[in-house]
Each structure stands twice: as C-alpha cells, then as structure tokens.
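Scroll down for the structure; my scribbles are underneath it.
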Amino acid sequence: MGEVQTARLIDGTAIAAEIRAAAIPAVQAFTNAAGRPPGLGIVLVGENPASEVYVRNKVKAGADAGLWVDLQRLPAGATLDELLRLVDMLNRSERHDGILVQSPLPDAMGRGASQRVFDAIDPDKDVDGFHPVNVGKLVQGRAHLKPCTPSGIIEMLDRSGIEIGGRHAVVIGRSEIVGKPMAMLLLQRDATVTVCHSKTPGLPSVAARGDILVAAIGRPGFVTREFVKAGATVIDVGTTPVRDRATVERLFAEGSARREAFAKRGSIVVGDVHPSVADVAGALTPVPGGVGPLTIALLLKNTLAAAEARRR
Ligand code: NAP
C-alpha cells in the first residue's frame, strides 16, 4: 500500500478575515473623507432559506467592516417590474455605492429575470460584476469590479503561495457567476485553462490533468479521487444543502464531525469534492470555511472600490 497523503487544508475563514481586516482602515479613510460610509444595497426577494443565510452573513460582515448596509426585501410574489423599479431607485441613490440582488430569484419572475436585473444595475455599482459591461471588461482583462467568488479564489491561491502562471488549471462548471469568470481570471494569470461541463466526455481523466482543479458544479461529492492529479490544488466551490441521511452516510465516515453536525441539525452544506480527495490532493479548500468566506470578503472590497471610484 502506498503512503496516504493528506492534503493541506486552505483556511478560507482565516484568509477572508485578513482581507476584511486590511479593508477596515480604507473604509474609515473613505468615511472620514466623504462624510458617510461606503453604502451597499442588498436586495432579497422572497424567503429562500439558503439566501437568507447568505444575506445575513453579508449584512453582518459589511456592518462589521464599517459599511452602511441597506437590506431591501421584496415579498416572494413581487413582480420583475417591481424589482426593476427598486434597482432603479438604488441606481439613482447617492448613498448606495454598491448594489447586489441575491440569486436565485423566485421562479415566478420568469426565465431570464436574473439577466434582466443584472442588465439594469448601474455598471459602476455592480459589486457582483455580472453586468455585461463588466463581463466584457473582465474578458479584456481590465475589469474594475470582478465577480466575487472567482476573484476570491485567486486571492486565496495567491495568499496560500500556490503558483498559477504556467500551471494547468481545470474548471468544472461554466456558469456566468463562477465557471466562466474563473476561467478568464486564471487565463489572465497565465494558467493554461480547460473548462469542463456536463457534456465533457471522459471528465475524470480531463480533470486529472489539472495542477489546479476548481469544482463549481453543485453536486455533493461528485469529484472523486480519480478526478485528481496527485499533489494538485483542489478548490471546492460547491455548496449544496443536504438533508438526506443516505447522502451524508455515503460521503462522511462514522464519527466524523460532518456526521455529528448532521445529527445535530438535520442538514449540512456539502461541497462538490468527495472527502477521500484529501488523500490525493496537495491542498484542498474545505466546505464550509473555504471559498464561501472569500466571496463575502471580496464583496466588501468591491463595495469599497466602487465607493472610491464614484468619489473620484
Ligand atoms: P450552475 O449555474 O448550476 O452551474 C453548474 C455547472 O456545473 C454547469 O456549467 C453544469 O454544466 C456543470 N455540471 C452540472 N452537472 C455536471 C456533470 N455531471 N458533469 C460536469 N459538469 C456538470 O451553478 P453555479 O451557480 O456555478 O454554482 C455551482 C456551485 O457553487 C453550487 O453548489 C453553488 O451553490 C456554489 N456556489 C458557491 C459560492 C460560494 O461562495 N461558495 C458562490 C457561488 C456558487 P452545463 O453548463 O453543461 O449544464
């Protein structure tokens, strides 16, 4: 039997705390100069339980960093027109430097609603980086506001001393909010990038070419050992709430902390990467406590950057 390797865990909570702490003096300097704190408007439509948690964390992190965070709620039955009117109000507001509309929107708003909302947000206040102008600038390598999750992952790699340039990076997932911008940012940092998706044949062997493997799929434990090159850095973006015992028992060993958390709460958030990958990878991000906290830290950074740019 070969020796079992245990991947170094990348502590996203600690890295995010460093980024947030470093932003505080700049937030104070802005507040002193402008006579008001940087302002972030967060719009939450309906009562999706996962969104409630994400938004609560964003509001708290923003307030802790000294931002003014304005949570605007709309009922689940709100129409797309009502939401667009609220976005228009936030676009015109002097006090709101950043605007974020929490996804997903209720299905009743219809297909394409999210894109219509992204299109409606003032690009200078688009702290999620989803407006087509910002997406275009991202592709050209001159974005001012970049999507928070992929840019948080780049920060995480840099701060963990993991080289990107010249390495082969494989991204599984091609969504507008994670997979595509992730691929662009890795390319800009001189990685050779392969993007995979549900129609990629021979996915495990393609993934196993990656020195850096980013999994942004939304399927608990999908990425097993055969997807991973020995010593690779594996970034687990997936966050799927799991409520069924069989899935938890399939993924996590008896007596493990995750099983205990499930027994206590009846639900846990699970990543895309199977726990056994820790025996093969060189470095790995945990779920929770990996990419998630970075996403929030980068949202604060983007809000500050948007506020500073609007003042100039
Ligand atoms: P998404 O829009 O549903 O996209 C999922 C991607 O995975 C798609 O490109 C899809 O391919 C691909 N995929 C699905 N099944 C596959 C399979 N069997 N083989 C290969 N590829 C497959 O999801 P997303 O918004 O990018 O989010 C992905 C995950 O990240 C979710 O769990 C989400 O909750 C999580 N997330 C976490 C954070 C954070 O801060 N931690 C932030 C954002 C998202 P096709 O395009 O071919 O359908």
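In listed order, ligands and their atoms are each counted from 1.
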(message) Strictly distance-based, threshold 3.5 Å: is any side-chain N or O of N134 a donor or acceptor partner for the main-chain N or O of P123?
(response) yes
(message) Check this for me: does any side-chain nitrogen of one of R225 and D279 sit under 4.0 Å from a carboxylate oxygen of the other?
(response) yes
(request) May I ask you to establish whether R258 and F252 are in a cation-pi arrangement, using a distance under 6.0 Å from NZ or CZ to the six-membered ring centre and at most 45° from the ring axis? (result) yes
(message) Other residues, nucleotides and ligands only: do more than 12 of their heavy atoms fall within 6.0 Å of CG on N32?
(response) yes
(message) Within the 4.0 Å heavy-atom shell around S198, which atoms of ligand 1 are there?
(response) 11 (O), 16 (C), 19 (N), 20 (C), 21 (N), 22 (C), 45 (P), 47 (O), 48 (O)
(request) Compute the minimum heavy-atom distance from C196 to ligand 1 and say whether it is under 4.0 Å. (result) no
(request) Answer side chain, backbone, both or neither: which part of I177 comes under 4.0 Å from ligand 1, heavy atoms only. (result) side chain
(request) For G292, take its heavy atoms, then give the atoms of ligand 1 lying under 4.0 Å from any of them. (result) 40 (O), 41 (N)
(message) Is the contact between L203 and ligand 1 made by the side chain, the backbone, both, or neither, using heavy atoms and a 4.0 Å cut-off?
(response) side chain
(request) Tell me which protein heavy atom sits closest to atom 33 (C) of ligand 1, plus the residue, atom name and distance to 0.1 Å. (result) T239 OG1, 3.7 Å
Taking only distance into account, with no hydrogens and no angle test, what donor-acceptor pairs under 3.5 Å do side-chain atoms of residues 211-219 form with protein atoms, sequence neighbours excluded?
| unit_1 | atom_1 | unit_2 | atom_2 | d |
| --- | --- | --- | --- | --- |
| D211 | OD1 | K229 | NZ | 2.8 |
| D211 | OD2 | H168 | N | 2.7 |

(request) Among all protein heavy atoms, pick out the one at the shortest distance from atom 15 (N) of ligand 1; state its residue, atom name and that distance to 0.1 Å. (result) R219 NE, 3.3 Å
(message) On a heavy-atom basis, I'd like to know which of S175, P181, A216 is closest to atom 26 (O) of ligand 1.
(response) S175
(request) Identify, by atom number and element, the atoms of ligand 1 in contact range of G173, meaning under 4.0 Å from any of its heavy atoms. (result) 6 (C), 7 (O), 9 (O)
(request) May I ask you to list the atoms of ligand 1 that are less than 4.0 angstrom from any heavy atom of T295? (result) 39 (C), 40 (O)
(message) Tell me the protein heavy atom at minimum distance from atom 9 (O) of ligand 1, and give that distance in Å.
(response) R174 N, 2.8 Å
(request) Going by heavy-atom distance to atom 21 (N) of ligand 1, choose the closest among E176, H197, K180. (result) H197
(request) Would you indicate whether R36, at its atom CZ, is surrounded by more than 12 heavy atoms from other residues, nucleotides or ligands within a distance under 6.0 Å? (result) yes
(message) Could you identify the single nearest non-hydrogen protein atom to atom 42 (C) of ligand 1 and state the distance to 0.1 Å?
(response) T149 OG1, 3.2 Å
(message) Check whether W68 forms a cation-pi arrangement with R95 (NZ or CZ under 6.0 Å from the six-membered ring centre, at most 45° off the ring normal).
(response) yes
(request) Determine whether more than 12 heavy atoms belonging to other residues, nucleotides or ligands lie under 6.0 Å from atom CZ of R310. (result) yes
(message) Tell me the protein heavy atom at minimum distance from atom 37 (C) of ligand 1, and give that distance in Å.
(response) V237 O, 3.1 Å
(message) Assess, by modelled atom type and distance only, whether the side chains of T79 and E82 contain a donor and an acceptor separated by less than 3.5 Å.
(response) yes
(request) Run the contact test for F222 against ligand 1 with a 4.0 Å cut-off on heavy atoms, strictly below, and give the result. (result) yes
(request) Indicate yes or no: does an N/O atom of K199 lie under 3.5 Å from an N/O atom of ligand 1? (result) no
(message) I'd like to know if R189 and E163 make a salt bridge, using a cut-off of under 4.0 Å between side-chain N and carboxylate O.
(response) no
(message) Among all the protein's non-hydrogen atoms, which is closest to atom 31 (C) of ligand 1, and how far away is it?
(response) G218 CA, 3.7 Å
(message) Around atom NZ of K58, are there more than 12 heavy atoms from other residues, nucleotides or ligands closer than 6.0 Å?
(response) yes
(message) Taking 4.0 angstrom as the limit and counting only heavy atoms of V178, give me the atoms of ligand 1 inside it, by number and element.
(response) 26 (O), 43 (C), 44 (C)
(message) How far is atom 13 (N) of ligand 1 from the closest protein heavy atom, and which atom is that?
(response) I217 CG2, 3.5 Å
(message) Polar contacts were defined as any N/O atom of the residue lying under 3.5 Å from an N/O atom of the ligand; does this apply to D272 and ligand 1?
(response) no
(message) Between D81 and R85 (salt bridge meaning N to carboxylate O under 4.0 Å), is one present in this structure?
(response) no
